[in-house]
Amino acid sequence: MDKTIGFVVLLLIGLSSCVVQGLTNDFGKLDESEKAKILPFEGFSAAKSGYIFEINAKDLREELKRHEKSMVYFFSNGCSATGCKPLADYIHYANQHDYRLFLVMNGYANLSSTLDQNVDAPLFAIDREYYNTRLSYKYSRYFENELMSLPIKTKQDNYRGNIYLFEGDQLINIWLSLPEE
């Protein structure tokens, strides 16, 4: 029994020194200047560049109804995968193809990598409180399901992509990455 307790104590000490990112929305890990960039959501017309507003998919779908064509890019800050591009590329593509663009981050880990891009567009983040869970994998799935008009707790078997194209609030397509132009 003493060996088990010793192992558990060592494990807890080891884990307490680790910084785990992405398990929650990581708001508590932000510095004060980053926290100051997150403002209460008071509607899409009040959203302005340089700030982040927490939203849910229900409100986003209501806003999509107001636009003929929209593109929702759902992303992780600091993504280095081959499909991830600078946010300016998504802005450029949306402008070139007459899409209203919504940039939605799934949490605040590596937020500085997004803020350093000086994006000339409002940024959005998933409102985890709306989805009543602290776990990012859950609130992200709930957000995406609601965005696709699926039952919120649906479990998906395969990854479809993170670029959602809409006509009004009707989902038309989901892409893994921007097409090459």
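Considering every non-hydrogen atom in both Ala121 and Ser49, the closest pair reads N-OG, 3.0 Å. When all heavy atoms of Leu103 and Val119 are compared, the closest pair comes out as CD1-CG1, 3.9 Å. Nearest heavy-atom pair across Phe166 and Ile172 is C-CG1, 4.0 Å. The two residues Ile52 and Phe124 have their closest heavy-atom pair at CG2-C, 4.2 Å. Between Tyr130 and Glu146, the closest heavy-atom pair is OH-OE2, 3.2 Å. In terms of heavy atoms, Glu54 sits closest to Tyr108 at OE2-OH, 2.7 Å.
Between the Lys85 side chain and the Ser177 main chain, no donor and acceptor come within less than 3.5 Å of each other. Checking side-chain atoms of Glu34 against main-chain N and O of Leu111 turns up no donor-acceptor pair under 3.5 Å. Between the side chain of Arg100 and the main chain of Ser70, no donor-acceptor pair closer than 3.5 Å is present. Arg128 places no side-chain N or O within 3.5 Å of a backbone atom of Arg134 that could act as its donor or acceptor partner.
Placement of Tyr73 and Leu64 in two distinct hydrophobic clusters is found when ILVMFWY residues are connected by side-chain heavy-atom separations under 4.5 Å, directly or transitively. Cluster annotation: Ile126 is connected to Leu39 through the hydrophobic network of ILVMFWY side chains, with a link wherever side-chain heavy atoms come within less than 4.5 Å. Taking hydrophobic clusters as Ile, Leu, Val, Met, Phe, Trp and Tyr residues chained together by side-chain heavy-atom distances below 4.5 Å, Ile163 shares a cluster with Leu101. A continuous path of Ile, Leu, Val, Met, Phe, Trp and Tyr side chains, each step under 4.5 Å between heavy atoms, connects Val104 with Leu171, placing both in one hydrophobic cluster. Residues Leu135 and Phe143 do not share a hydrophobic cluster, clusters being chains of Ile/Leu/Val/Met/Phe/Trp/Tyr side chains in contact below 4.5 Å.
With a 6.0 Å radius and a threshold of 12 heavy atoms from other residues, nucleotides or ligands, Lys35 has its NZ atom above the threshold. The number of heavy-atom neighbours closer than 6.0 Å to CG of Asp116, taken from other residues, nucleotides and ligands shown, is above 12. Other residues, nucleotides and ligands contribute over 12 non-hydrogen atoms within 6.0 Å of the CG atom of Asp31.
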Is there a side chain to side chain donor-acceptor pair (under 3.5 Å) between Asn162 and Glu144 once you walk through the steps?
-> CA-CA 9 Å; Asn162 59 343; Glu144 289 180 273; over 6 Å; no
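With contacts defined as side-chain heavy-atom distances shorter than 4.5 Å, the pair Asp127/Asp59 does not qualify. Proximity of Tyr142 to Asn56: side-chain heavy atoms (C-beta onward) are nowhere separated by under 4.5 Å. Looking only at side-chain heavy atoms (C-beta outward), Tyr131 and Ser140 stay at 4.5 Å or farther from each other. Taking the side chain as every heavy atom from C-beta outward, Thr154 and Met148 never approach each other to under 4.5 Å. When side chains are defined from C-beta on, His67 counts as touching Phe102, because their heavy atoms get closer than 4.5 Å. At least one side-chain heavy atom of Asn25 sits under 4.5 Å from a side-chain heavy atom of Tyr139. In this structure, Phe75 and Cys79 have side chains that are not in contact, with every pair of non-hydrogen atoms separated by 4.5 Å or more.
The distance from atom CG of Asn77 to atom OG1 of Thr114, rounded to the nearest 0.5 Å, is 3.5 Å. For the atom pair CZ (Arg160) and CG (Leu176), the distance works out to 11.5 Å, reported to the nearest 0.5 Å. If you take CE on Met71 and CG on Asp98, they are separated by 12.0 Å, rounding to the nearest 0.5 Å. The NZ atom of Lys138 lies 9.5 Å from the CG atom of Asn132; values are rounded to the nearest 0.5 Å. The distance from atom CD of Gln117 to atom OG of Ser112, rounded to the nearest 0.5 Å, is 10.5 Å. Separation of atoms CG (Leu115) and CG (Leu87) is listed at 10.0 Å; rounding is to 0.5 Å.
Using cut-offs of 30° and 60° for the angle between ring planes, the Phe44 and Phe41 rings count as perpendicular.
For Glu63 and Arg66, the salt-bridge test passes: some basic side-chain N is under 4.0 Å from an acidic carboxylate O. We find that Glu62 and Lys65 are joined by a salt bridge, their nearest charged nitrogen and carboxylate oxygen being less than 4.0 Å apart.
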